[in-house]
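First comes the structure, then the notes that go with it.
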Amino acid sequence: MSEHVDNSNFIEQIIDSQIKEKSLEIHTRFPPEPNGFLHIGHAKAFWLNYEIALKYNGKFNLRFDDTNPEKESDVFVKAIIEDIKWLGVNFDNPKNNIFFASDYFDKFYVWALELINKGLAYVDESSPEELKEQRGTPTKAGTNSKYRNRSINENLELLKKMNSGEMRESSAVLRAKIDMSHPNLSMRDPIMYRIKKIPHHRAGNKWNIYPMYDFAHGYEDLIEGISHSLCSLEFENNRPLYNWFLENIETYNRPQQIEFARLNLSYTFMSKRLLKNLIDTNIVDNWDDPRMPTIAALRKRGYTPHSIRRFCKEIGVAKSNSLVDIEFFDYIQREEFNQSAHREMVVIDPIKLVIENYPDDKQEDFYVENIPGNESAGKHKVVFTKELYIERDDFMEQPPKKYFRLSIGKEVRLKYAYYVTCTSIEKDSVGNIIQINCTYDPETRGGDSKDKRKVKGTIHWLSLKSALDIEVRHYEHLFLKENPADISEDENLMDYINTNSMMSYKEAKANPGIIERAKNTISFQFLRKGYYKYDENDDLFHRTLKLKDSWKKIENPK
RNA sequence: UGGGGUGUAGCCAAGUGGUAAGGCAGCGGGUUUUGAUCCCGCCAUGCAAAGGUUCGAAUCCUUUCACCCCAGCCA
């Protein structure tokens with residue numbers, strides 16, 4: 001496996017130049033809102049933050065940005081913690097911690113009072129419609145609210161009433177007093193608090209007002225001592241506001257916000273809303289359905305934390321919007337599995353092969369290398385008999401050119417066993433092939449001929465006598481469009497969902513003992529078929545990904 | 001038509017005034033008892049475009065173009 005040289009990214013370069021000037025304790029955080037499961041896009045953001053903490057021997061916080069009780073729940077908190085641990089964070093290490101923004105609600109309130117007392121915040125009783133009207137547009141300046149110049153005491157009094165429950169939702173908000181004609185819309189007197197009479201998953205019924213992101217986030221960073229607050233590009237517009245809140249309270253330390261491009265992957269999308277929609281419409285089973293781009297799904301499907309980390313590292317971090325080819329992710333994962341996955345001969349879609357000249361009751365043992373070229377990984381036994389299973393698509397009645405597998409009159413190698421030549425086939429009443437007959441060459445025992453006669457194809461097989469029935473599931477892209485961003489606004493993303501993205505093979509055949517052997521390997525490579533993960537809960541095998549296959553391209557030339 | 005960003009190969013991406021890294025994909029060849037792996041070779045006279053500065057420009061200046069983000073009491 002080639003571990004490539006890692007160039008430091010632009011954020012690390014910024015940090016490097018800062019620590020050259022003065023010593024700095026590096027402290028990063030990954031701040032998901034617990035309103036859904038983490039997906040591969042979150043993994044990029046997480047690893048960016050965590051790698052920096054590791055690189056500079058700093059600290060890392062997993063922080064739940066739970067400032068909106070409407071969509072958040074404890075279920076998601078638990079799932080996110082599990083995912084982050086699985087990705088590789090050990091929270092027993094004191095450098096890694098878990099925090100909740102909701103634990104800071106008291107402090108936010110104190111800072112809100114401070115801003116009111118400085119004449120920098122006011123309670124606005126305009127309606128949502130009036131607020132929208134006041135904001136103006138990108139090209140038109142906003143207008144001041146008639147409540148903008150209330151007295152400090154009146155503001156203090158009203159904020160207290162907002163939180164006491166005496167005021168109904170949407171009847172008032174607390175706003176920062178900045179500049180209604182600012183060219184940056186996020187600076188036009190943004191809302192700090194809104195009334196929501198909803199219990200919070202941690203704070204319970206204590207609050208009737210909840211802080212908005214822009215008001216809260218910098219303070220969360222400040223409280224935790226974050227040095228670099230890394231977020232995605234769409235928050236560039238919010239940075240002046242992030243700084244404004246920090247600059248207008250008494251503090252010494254100021255975290256620095258730096259933005260980077262979020263991850264987009266071809267043939268998938270990261271919108272939590274859309275993912276949830278797939279679950280609600282039963283297109284997928286749940287957040288951890290193996291077709292989902294969530295961390296829980298990747299785990300279930302068989303992707304590894306090591307490969308997810310390496311993928312996040314290899315794609316780099318920059319400020320330009322990009323669409324990473326999902327193929328690259330699979331390439332990274334294959335590179336790991338090729339070194340570590342134990343091989344098995346498994347027939348996914350079986351058809352019977354009978355060796356006419358092989359004795360009826362004869363049985364021979366052959367041995368499959370667990371990892372080719374790696375003696376220490378050992379071998380496992382397979383038995384060979386007259387009646388075998390092979391893969392249905394390893395025979396073709398009308399083979400195209402360059403088809404290396406079986407057809408009438410053609411010779412192939414049964415891996416590890418013998419050369420066989422197809423003599424005839426048998427069909428049922430409707431014309432389906434139900435059996436393939438062939439003869440074997442006893443001189444080719446072990447799969448090598450004494451006369452050095454070459455055979456183009458080598459196929460895998462299983463003895464009918466000992467085959468174990470297993471279920472195997474194959475997956476395709478959930479999404480039909482390479483780039484979800486290409487879909488226009490008046491189209492529905494759901495129209496591009498691949499509703500046949502899962503194929504179940506319930507009569508796949510495996511060698512006995514495979515379930516036991518699953519304990520010895522992180523994942524299997526089923527020869528010529530791909531990498532598979534055994535799922536103990538459902539007693540089946542998920543195909544994580546296919547092997548690279550140049551034959552497919554010959555078969556279906558563009 | 002306002003503000004904030006970004007443009008280097010099919011896809012990522014390095015490069016920070018000294019003459020275009022690397023990876024993926026692709027193509028050609030070799031090895032191979034997995035059409036896998038592995039190995040070798042090819043793949044930007046060119047850096048969104050046009051001008052300019054300079055001995056020298058992807059890097060500096062000017063103009064233009066394209067794309068992304070912002071008008072939630074979401075984050």
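Because the structure is predicted, anything quoted here is derived from the model rather than measured. Convention: sequence-line order gives letters A, B, ...; per-chain numbering from 1.
Taking the C1' atom of each, B:A48 and B:U6 are spaced 11 Å apart, rounded to whole Å. The gap from the C1' atom of B:G10 to that of B:U59 amounts to 25 Å, rounded to the nearest Å. Taking the P atoms as reference points, B:A44 lies 22 Å from B:C39, given to the whole Å. When the C1' atom is used for both B:G26 and B:C12, the distance is 15 Å, rounded to whole Å. For B:A50 and B:A66, the C1' atoms lie 15 Å apart once the distance is rounded to whole Å. For B:C65 and B:G30, the C1' atoms lie 48 Å apart once the distance is rounded to whole Å.
Comparing B:G2, B:U37, B:U34 against the side chain of A:Asn338 picks out B:U37 as the nearest. Considering only side-chain atoms of A:Lys548, the nucleotide from B:C12, B:A36, B:C74 that sits closest is B:A36. Side-chain proximity of A:Ser320 to B:A75, B:A13, B:G35: nearest is B:A13.
With hydrogens and angles ignored, no donor-acceptor pair under 3.5 angstrom links the side chain of A:Gln339 to the base of B:U37. Remark: the A:Ser170 side chain and the B:C73 base include a donor-acceptor N/O pair separated by less than 3.5 Å. Not a single donor-acceptor pair, N or O on each side, falls under 3.5 Å between the base of B:G4 and the side chain of A:Arg239. No hydrogens or angles were tested; on distance alone, a donor-acceptor pair under 3.5 Å links the side chain of A:Asn237 to the base of B:G3.
Remark: ring of A:Trp551 overlaps the six-membered base ring of B:G35 in a stacked fashion, centroids less than 5.5 Å apart, planes less than 30° apart. Between A:Phe328 and B:A25, no base-stacking contact is recorded for ring centres under 5.5 Å apart and planes less than 30° from parallel.
Of the N and O atoms on the side chains of A:Tyr532 and A:His474, at least one donor lies less than 3.5 Å from an acceptor on the other residue.
At the phosphate of B:U34, neither OP1 nor OP2 sits under 4.0 Å from any side-chain N or O atom of A:Lys529.
B:G72: glycosidic angle within 90° of 0, hence syn.
Atoms CD (A:Glu369) and P (B:U34) sit 10 Å apart, rounded to a whole Å. Taking atom CD1 of A:Ile14 as the reference point, atom C1' of B:U16 lies 13 Å away to the nearest angstrom. Residue A:Glu327 contributes atom CD, which lies 13 Å from atom C1' of B:G23 at whole-angstrom precision. Distance A:Arg343 CZ to B:A36 C1': 8 Å, rounded to the nearest Å.
Relative orientation of the A:Trp207 and A:Tyr109 rings is tilted, given thresholds of 30° and 60° on the angle between their planes.
Using N1 to N3 plus N6-O4 or O6-N4 for Watson-Crick, or N1-O2 and O6-N3 for G-U wobble, each under 3.5 Å, B:U31 pairs with nothing.
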